[in-house]
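Because the structure is a prediction, the values reported are computed rather than measured.
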Amino acid sequence: MAILPILHYPDARLHTRAKPVAEVDERIRQLVADMAETMYAAPGIGLAATQVDVHERVVVIDVSEDANDLLVLINPEILWRSEERVVYEEGCLSVPDVYDKVERASQVRVKALDINGQEREIEADGLLAICIQHEIDHLDGKVFVEYLSPLKQSRLKTRLRKQERLAKAVA
């Protein structure tokens, strides 16, 4: 297993739409293992393959208290979203130290393949529903900050570019 480098917003590669996984084989299982290790080390509760510059539809999530309940979603597809909405303060491993409120469906039903290539459906609410929607957005080339106002997005991009320049100057 390996810890993979995570792309940081506003990296253009985060806007790449991921392609479906053709076959759940050893390469995909290794990707899942590496993504899980990366997510836990970060630490985070979700990671999409897009965030590690692999543009295939693979997501790992673990919203459990003790980080021991890994959910793997390959080729996830939202079948249903509740009309009820919730506002949740989201963060993202690709946008370090930035948290803001995003409105999403409070419940979802998702179809995906598991680590063994078996199709399954899950219904989720609460934090898991939020996380699933957030990670599927990544696979579709969307970062959570794109739900924010244009002014907030502009200020955030300016701040992150400045931090990146400072980091390069120090290195």
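In this structure, Glu119 has no salt bridge (charged side-chain N to carboxylate O under 4.0 Å, His left out) partners at least two apart in sequence or on a different chain. Remark: Glu83 pairs with no residue by the side-chain contact (heavy atoms from CB on, under 4.5 Å) rule, at least two apart or across chains. Take Asp62 and apply the salt bridge (charged side-chain N to carboxylate O under 4.0 Å, His left out) test, not counting sequence neighbours, and it matches no residue. Residues satisfying the salt bridge (charged side-chain N to carboxylate O under 4.0 Å, His left out) criterion with Lys168, sequence neighbours excluded, are Glu164.
Using a distance-only test at 3.5 Å, with no hydrogens or angles considered, a donor-acceptor pair links the side chain of Asn75 to the main chain of Val21. Under a 3.5 Å cut-off, the side chain of Asp114 and the backbone N or O of Asn116 do form a donor-acceptor pair. In this structure a side-chain-to-backbone donor-acceptor pair under 3.5 Å is missing from Ser94 to Gln51. For the pair Glu135 (side chain) and Ala48 (backbone), a donor-acceptor distance under 3.5 Å is present. Remark: the backbone N or O of Ala2 is paired with a side-chain donor or acceptor of Asp34 at under 3.5 angstrom.
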Would you sort out whether Leu139 and Thr50 count as a side chain to side chain contact (heavy atoms under 4.5 Å, CB included), showing the intermediate values?
-> CA-CA 6 Å; Leu139 299 179; Thr50 302; 3.9 Å; yes
Check step by step if side chain to side chain contact (heavy atoms under 4.5 Å, CB included) holds for Glu146 and His15.
-> CA-CA 11 Å; Glu146 293 169 44; His15 300 293; 2.7 Å; yes
Test log, rule salt bridge (Lys or Arg N to Asp or Glu O under 4.0 Å), inputs Arg13 and Asp11 = CA-CA 5 Å; Arg13 293 172 289 179; Asp11 191 309; 2.6 Å; yes
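If you chain together hydrophobic residues whose side chains sit under 4.5 Å apart, Leu148 and Val143 fall into the same group. Residues Leu113 and Val72 fall within the same hydrophobic cluster, defined by Ile, Leu, Val, Met, Phe, Trp and Tyr side chains chained together at heavy-atom separations under 4.5 Å. Ile74 is connected to Met39 through a chain of hydrophobic side-chain contacts under 4.5 Å among Ile, Leu, Val, Met, Phe, Trp and Tyr, so both are in one cluster. Note on Val86: it clusters hydrophobically with Ile78, by side-chain heavy-atom contacts below 4.5 Å among ILVMFWY residues.
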Side-chain donor/acceptor pairs under 3.5 Å, residues 124-133, sequence neighbours excluded:
residue, atom, partner, partner atom, Å
Gln133, OE1, Arg81, NH1, 3.4
Gln133, OE1, Ala105, N, 3.3
Gln133, NE2, Ala105, O, 2.9
Gln133, NE2, Ala129, O, 3.0

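Here the shortest heavy-atom pairing between Lys157 and Pro10 reads CG-CB, 4.3 Å. Across all their heavy atoms, Pro76 and Ala112 have their closest contact at CA-CB, 3.8 Å.
Under the 6.0 Å distance and 45° angle rule, Lys152 does not count as a cation-pi partner of Tyr147.
Under a cut-off of 6.0 angstrom, the local environment of CG in Asp25 is crowded, with over 12 non-hydrogen atoms contributed by other residues, nucleotides or ligands. Sparse packing is recorded around CZ of Arg155, with 12 or fewer heavy atoms of other residues, nucleotides or ligands lying under 6.0 Å away. Within a 6.0 Å sphere centred on OH of Tyr88, heavy atoms belonging to other residues, nucleotides or ligands number 12 at most. Crowding of Glu26 atom CD: a count of heavy atoms from other residues, nucleotides or ligands under 6.0 Å exceeding 12.
Of the residues listed (Val24, Leu73, Leu31), the one engaging Val58 in a side-chain contact (heavy atoms from CB on, under 4.5 Å) is Leu31, and it is the only one.
Inter-residue side-chain proximity for Ile122 and Leu71 is flagged as met; some heavy-atom pair is nearer than 4.5 Å. At a threshold of 4.5 Å between non-hydrogen side-chain atoms, the residues Leu156 and Val95 count as touching. The shortest side-chain heavy-atom distance between Arg57 and Ile136 falls under the 4.5 Å cut-off. Side chains of Glu23 and Ile28 form no contact here, defined as non-hydrogen atoms less than 4.5 Å apart. Between Gln163 and His8, every side-chain heavy-atom pair lies at or beyond the 4.5 Å cut-off. Under the 4.5 Å side-chain criterion, counting only non-hydrogen atoms from C-beta, Met35 is not in contact with Val54. The side-chain heavy atoms of Arg104 and His134, taken from C-beta on, include a pair separated by under 4.5 Å. Contact annotation: the side chain of Leu70 approaches that of Val60 to within less than 4.5 Å [non-hydrogen atoms, C-beta and beyond].
Interatomic distance, CG of Leu7 versus CG of Leu93, reported as 11.5 Å (0.5 Å rounding). The line from CD of Glu56 to OG1 of Thr16 is 12.5 Å long, rounded to the nearest 0.5 Å. Note: Gln153 CD to Tyr9 OH = 5.0 Å, rounded to the nearest 0.5 Å. If you take CG on Asn68 and OH on Tyr40, they are separated by 7.5 Å, rounding to the nearest 0.5 Å.
Applying the salt bridge (charged side-chain N to carboxylate O under 4.0 Å, His left out) test to pairs two or more places apart or on separate chains, those with a residue in residues 69-78 are Glu77-Lys111.
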